[in-house]
Structures are given as structure tokens and as C-alpha cells.
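Down below is the structure, laid out as C-alpha cells.
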Amino acid sequence: MKYWLMKSEPDVFSIDHLKIKNKSGWDGVRNYQARNFMRDEMKKGDMVLFYHSSCEEPGVAGLARISKESHPDPTQFDKKSDYYDPKATLENPRWFMVEVEFVEKFDKLISLATIKSVKELSGMPLVQKGSRLSINPVSEKEFSLISTL
DNA sequence: GCCAACGTTGGC
DNA sequence: GCCAACGTTGGC
């Protein structure tokens with residue numbers, strides 16, 4: 001089993017949205033590295049740190065789990081969608097997504113500031129300067145440490 | 001709103 | 001294939 005960190009802007013899609021929906025496709029990713037993680041490496045049952053970005057207090061808000069492996073992101077074919085990609089075709093889709101299911105919302109958000117203050121977490125891409133990839137692999141140690149903070 | 005860092009595009 | 005220009009991310 002693998003562990004991941006996935007960023008989302010809570011104004012657009014937060015842990016609360018996921019809690020209400022229970023399951024949701026992780027659509028709208030338009031970065032090749034992030035896509036490749038979803039398409040090639042994420043497996044059903046993998047655990048996810050749900051991270052809130054670009055908001056008042058950025059940090060890990062809870063846990064999710066991969067409930068369906070890679071399949072084409074339908075928003076790439078939708079002309080009305082912000083994520084529409086004219087170069088993608090049904091025969092040759094360019095963007096893929098996974099489905100995630102709600103696991104838990106933390107009682108207290110684990111803020112980026114907190115994560116930065118923990119020495120054992122200093123290797124995470126999240127705390128590296130200039131790292132802005134929306135999906136990152138996380139080690140088992142990092143995952144379990146964060147989920148116990 | 002600013003800005004550093006990084007990714008993507010497109011001309012050559 | 002290089003690289004300048006441009007766009008986006010995301011913390012502050």
C-alpha cells in the first residue's frame with residue numbers, strides 16, 4: 001500500500017465536501033507529473049492526506065482512501081468546463097483521475113506551520129521551497145506521524 | 001496583492 | 001531541441 005498527499009483548495013473542494021459526498025472523482029488535475037501518479041501508481045486502498053491549499057490556514061484536514069483507480073477525467077471533454085482540453089479525444093484521452101472516498105476529518109487541522117516545525121517531516125516535498133505539485137507520494141513514516149499529530 | 005518558483009508554449 | 005515569454009501555484 002502506498003501513501004499520498006493531495007492538495008485541494010477548500011473553496012473549490014474541501015474535506016467537508018468529500019464527507020458529504022462520501023466519494024468523489026479527483027478531476028481537474030492538469031499537470032503531467034500529478035497525472036502520472038494517478039494513472040500509473042495509485043492503487044485502490046492507498047491512503048491519502050487531504051491537504052487544504054491557498055486558504056486562510058493551509059494544512060492537512062483529514063484522510064481519504066483511493067476507491068477507484070485511474071480512468072479518464074470527463075471534464076477534459078466538456079466544453080463548458082474550466083478543465084476542458086481541446087486536444088483530448090475520447091479515443092485518446094490526455095487526463096486521468098482517481099476516485100477517493102472519505103475516511104475521516106481531523107478534529108484539528110494539522111497546519112503547514114506545524115508540519116514545518118517537525119524535523120522528521122522536513123523531507124516532504126510539501127515543505128520544500130517552490131514545490132507546488134498537487135499530488136505527492138508520502139512515506140509510511142510521514143503518513144503515520146501526521147495522522148497522530 | 002505580491003512574488004518566487006516552476007511548468008508549458010511556441011518561435012526559431 | 002533551445003530558450004524566452006508567459007501562465008499558474010500557493011504561501012505570505
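Just so it is clear: chains get the letters A, B, ... in the order the sequence lines come, proteins before strands, and each one is counted from 1. Values reported hereafter were calculated over all heavy atoms of this structure, with side chains retained and with hydrogens, waters and symmetry mates removed.
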Please output the side-chain donor-acceptor pairs of residues 41-55 of chain A that fall under 3.5 Å, not counting sequence neighbours, one pair per line with the distance.
unit_1	atom_1	unit_2	atom_2	d
A:Asp46	OD1	A:Lys2	N	3.1
A:Asp46	OD2	A:Trp4	NE1	3.0
A:Asp46	OD2	A:Lys43	N	3.0
A:His52	NE2	A:Ile15	N	3.1

>> Using the ring pair (Phe, Tyr, Trp, His ring centres under 6.0 Å) criterion, which residues pair with A:Phe143? Sequence neighbours excluded.
In response: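 Partners of A:Phe143 by the ring pair (Phe, Tyr, Trp, His ring centres under 6.0 Å) criterion, ordered by chain and then number, come out as A:Tyr3.
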>> Counting only heavy atoms from other residues, nucleotides and ligands, does the tally under 6.0 Å from CD of A:Glu140 exceed 12?
In response: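 No, CD of A:Glu140 has 12 or fewer neighbouring heavy atoms, counting only those of other groups under 6.0 Å.
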>> If the test is side-chain hydrogen bond (donor to acceptor under 3.5 Å, both in side chains), which one of A:Thr75, A:Asp85, A:Asp27, A:Asn31 qualifies with A:Trp95?
In response: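 The single option meeting the side-chain hydrogen bond (donor to acceptor under 3.5 Å, both in side chains) with A:Trp95 is A:Asp85.
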> For DNA chain C, which nucleotides open and close the run of contacts to chain A, 5' to 3', at under 4.0 angstrom from a non-hydrogen atom?
Replying inline: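 Here the contact window of chain A covers C:dG7 to C:dC12.
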>> For a side-chain contact (heavy atoms from CB on, under 4.5 Å) check, start with the C-alpha distance between A:Asp73 and A:Arg94, then their side-chain angles and the critical distance, and finish with the verdict.
In response: CA-CA 8 Å; A:Asp73 178 346; A:Arg94 176 181 289 211; over 6 Å; no
>> Here's a test of your reading of the structure: between A:Ser131 and A:Lys87, which maps to the more 5' nucleotide of DNA chain B?
In response: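 Closer to the 5' end of DNA chain B: A:Ser131.
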>> Using a heavy-atom cut-off of 4.0 Å across all strands, would you classify A:Gln33 as base, sugar-phosphate, or nothing?
In response: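 Sugar-phosphate only.
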